[in-house]
There are 2 protein chains.
Amino acid sequence: MNCCEKQDYTIDNEQLARFAKAMGHPSRIAILSFLANLDSCYFGDINNELPIAKATVSQHLKELKESGLITGTIEAPKVKYCIHRENWAKAQAYFNTFFASLKEKDLCCD
Amino acid sequence: MNCCEKQDYTIDNEQLARFAKAMGHPSRIAILSFLANLDSCYFGDINNELPIAKATVSQHLKELKESGLITGTIEAPKVKYCIHRENWAKAQAYFNTFFASLKEKDLCCD
DNA sequence: AATATTGTTCGTAATTTTGCGAACAACGAA
DNA sequence: TTCGTTGTTCGCAAAATTACGAACAATATT
């Protein structure tokens, strides 16, 4: 599926939970913000931005990669991390659809 | 702040991470979907919907309450759970703002 | 008052997450 | 080839998460 095809954004609850879980830590939100703002994309700069050990940063990056929200590429001797734009859009649509599904009127709770 | 006032949705990364963390489990997504769709709002019905022990359901509901996404009210002998609409909207705005913050052009990654 | 219904809390176990330093690997530069 | 730079992986420890059954509490009903 290329970026121009119409996409089916039927929510997959498991996938939504995986995206959410990946975002469920302040350091990982900070990393994603950093990358989304294009401040830089190299490990070293990400590492400098965070008050934690580089082994831990590397671990968080690995989790974000596995969630699909970012990619990692070797550009020797550095490693370049980028937002995975297609999955980013997918996550955005998932969350948006999820939140928008709240019904207006509620006999039970209103 | 009532529901009609303009709200400041400056993203608080810690809060965004807390919302995300609360959503980071399939059972909790299922619970939120169930409540958002207003299928019912009582513990018993939520419990019936999920293939896990009631003690575990109760625990997940507690976490969702602590995240602010839902409320819990005793309606003896039942307990009624509802989406916390104000915080729900806040979470929706946080996620949306977060995803929308991705810059279009990227000298580093494109 | 005794009993049934509805959920929460407790105690426990297994697994996962988070974090760190040290060791290691890969590559470029001298 | 040797050295320095850049990140990853390993091994470990501490803490948090997930899950369950049993016990408990609160209220309604009989």
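Chain letters run A, B, ... following the sequence lines, proteins first and then strands; every chain starts at 1. What you see is a predicted model, and the numbers here were worked out from it, not measured in a lab.
For DNA chain C, the neighbouring residues in residues 43-67 of chain A, judged by any heavy atom under 4.0 Å, are I52(A), A53(A), A55(A), T56(A), Q59(A), H60(A), E63(A).
Under a cut-off of 6.0 angstrom, the local environment of NZ in K62(A) is sparse, with at most 12 non-hydrogen atoms contributed by other residues, nucleotides or ligands.
Minimum atom distance to the side chain of K78(B) is reached by dT6(C), of the listed dT16(C), dG7(D), dT6(C).
The separation between H25(B) atom NE2 and dT16(C) atom P is 11 Å, rounded to whole Å. For the pair Y42(B) OH and dT5(C) P, the interatomic distance rounds to 18 Å; values are reported in whole Å. I74(B) places its CD1 atom 9 Å from the P atom of dA26(D), with the value rounded to the nearest Å. In this structure, K80(B) places its NZ atom 13 Å from P of dG7(C), rounding to the nearest Å.
Each of K21(A) and Y81(A) lies near DNA chain D, and the nucleotide nearest Y81(A) is the one positioned closer to the 5' end.
The SG atoms of C41(B) and C82(B) lie 2.5 Å or more from each other.
In this pair, W88(A) and F99(B) present their aromatic rings perpendicular. The plane angle is above 60°, beyond the 30 to 60° band. The aromatic rings of H25(A) and H60(A) lie tilted to each other, with the angle between the two planes from 30° to 60°.
Within the 4.5 Å cutoff, the side chain of R28(B) has heavy atoms near those of the E63(B) side chain.
Taking all atoms of both residues into account, the shortest heavy-atom contact from S101(A) to N37(B) is O-OD1, 3.9 Å.
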